[in-house]
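The sequence lines fix the lettering, A, B, ..., with proteins before strands; numbering per chain opens at 1.
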2 protein chains.
Amino acid sequence: MTVADLMARTRLSRPAFYQYFSDLHDLIEVLLREVESIMHQTANPWLSGEGEPIAALRESQKGVVQVCLDHGPIFRAVSEAAPLDERLERAWSAFTKRWDDVVEARIKSQQRDGLISKSLNARRIANALNHMDTTLLIAEFGRRPQGDPKAVLDTLHHIWTAALYGGQRAARMPRKSPRKS
Amino acid sequence: MTVADLMARTRLSRPAFYQYFSDLHDLIEVLLREVESIMHQTANPWLSGEGEPIAALRESQKGVVQVCLDHGPIFRAVSEAAPLDERLERAWSAFTKRWDDVVEARIKSQQRDGLISKSLNARRIANALNHMDTTLLIAEFGRRPQGDPKAVLDTLHHIWTAALYGGQRAARMPRKSPRKS
DNA sequence: CTAAGATCGGACGCCGTGTCAGAAAATCGA
DNA sequence: TCGATTTTCTGACACGGCGTCCGATCTTAG
């Protein structure tokens, strides 16, 4: 992807691009900011800590999968371009760090409530699970044709519940089971 | 990283580089091939299916972590450069696919033996766990200073055992327990 | 209709790439 | 030892994308 390629699809010239963005990475950074807020919003059920934890987790994960269905290519662009640009690199790692933060906080909270084993290192587990989510979701939904959202959700949900809550509950067949609190 | 940068560190000129490699991506592809064989070798204990599964899994994961300690920067280079080059992209996805294949095979085998729940989708779980390993290991060991191998191993081991074997066994404190069958 | 401000596009210099033809170095036969 | 042949290296080149000018065009208001 070059600036020329991009602007050829518009009725504007290449230099016009630099009127609005300092370069391609700047554009991507703007797009990232736009989707981040949506992301945190849809993940709210589990992050807020209300209701039955596993059901809430599934709701949140469902939301995350949906956002990636809608904006997967943007995340792919960000993650692929990040290594090439210092500024974008920082923006991307700040994004994932904020995600680690909220997940870590939720885990620690549920550890205090006795819902999650205190022997877990909340930070590292959160980080590892988020790494998994990020790359799997980008791989599945980052380019067309996109993967099967239901199957991806089931897979991620199984691993998260197994890792956090012990795994007995969620290891069931790919059968629809959206519990309520 | 440019070809000029690279060759400046040698006593040869820039064009000499093209005598041995068609371009930078070609070089990276060669490096990838060199580490892949080591990787499969060190992961042999669990993949071969001999001995007690969880202990064998930990041995294999320990090996994988060690290889990444030694060659992490190479994996980082591959994964970051892959999106920029069609050929390298294929090499990298072929690498991860082979990894998915052997893990899937092992899971299915242990499902037949009743060690792992048959309700799991072996392929997708293997794929998700491998995605987690890849990015976490690259993030931790892909650049200096590198992360703490013991902590990373514990984290990955917990999630793998929880996801595959139900999580009751491995959710213990970060205490050393590499036992045999 | 005209002047002021905002926006656009052609053209330029820069840098990294990959590829020549020819120089230098290594190898070898006598 | 010495020239001939093969291998290895180098300086110089064309290409393409980037980011930035200045002059041209369009918009808006009086």
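By the 4.5 Å heavy-atom criterion applied to side chains, B:L24 and B:L6 are counted as neighbours.
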- [ ] Would you please test A:R106 and A:S109 for side chain to side chain donor-acceptor pair (under 3.5 Å) and show each step?
- [x] CA-CA 5 Å; A:R106 184 88 304 246; A:S109 160; 2.9 Å; yes
TODO: Give the intermediate values and the outcome of side-chain contact (heavy atoms from CB on, under 4.5 Å) for residues B:R124 and A:H158.
DONE: CA-CA 11 Å; B:R124 303 200 89 109; A:H158 166 70; over 6 Å; no
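Ring planes of A:F95 and A:W99: parallel class, angle under 30° (limits at 30 and 60°).
Between B:Y20 atom OH and D:dT7 atom C1' there is a gap of 10 Å when expressed in whole angstrom units. We find that CD of A:Q19 is positioned 17 Å from P of D:dT25, with the value rounded to whole Å. The CE-C1' distance, from B:M7 to D:dT10, rounds to 11 Å in whole Å.
Side chain of A:T135 to backbone of A:H131: a donor-acceptor contact under 3.5 angstrom is found. When atom types are taken as modelled, the side chain of B:D113 and the backbone of B:L115 share no donor-acceptor pair closer than 3.5 angstrom.
In terms of heavy-atom proximity, B:A163 sits nearest to B:L120 at O-CD1, 3.6 Å.
Among the atoms of the strands shown, none is found under 4.0 Å from any heavy atom of A:F21.
Applying the side chain to side chain donor-acceptor pair (under 3.5 Å) definition to pairs two or more places apart or across chains, those involving residues 39-50 of chain B are B:W46-B:Y165.
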Open item on the list: Please convert DNA chain C into dot-bracket. A pair counts if it is Watson-Crick or G-U wobble with both distances under 3.5 Å; crossing pairs go in [ ] and bases paired with another strand get |.
Closed with: ||||||||||||||||||||||||||||||
Report all interatomic pairs (protein N or O, nucleotide N or O of nucleotides 17-22 of chain D) with separations under 3.5 Å.
from	atom 1	to	atom 2	distance (Å)
D:dC18	OP1	A:V3	N	3.4
D:dC18	OP2	A:T2	OG1	3.3
D:dC18	OP2	A:V3	N	3.3
D:dG19	OP2	A:Y18	OH	2.9
D:dG19	N7	A:R14	NH1	3.0
D:dG19	N7	A:R14	NH2	3.3
D:dG19	O6	A:R14	NH2	2.6

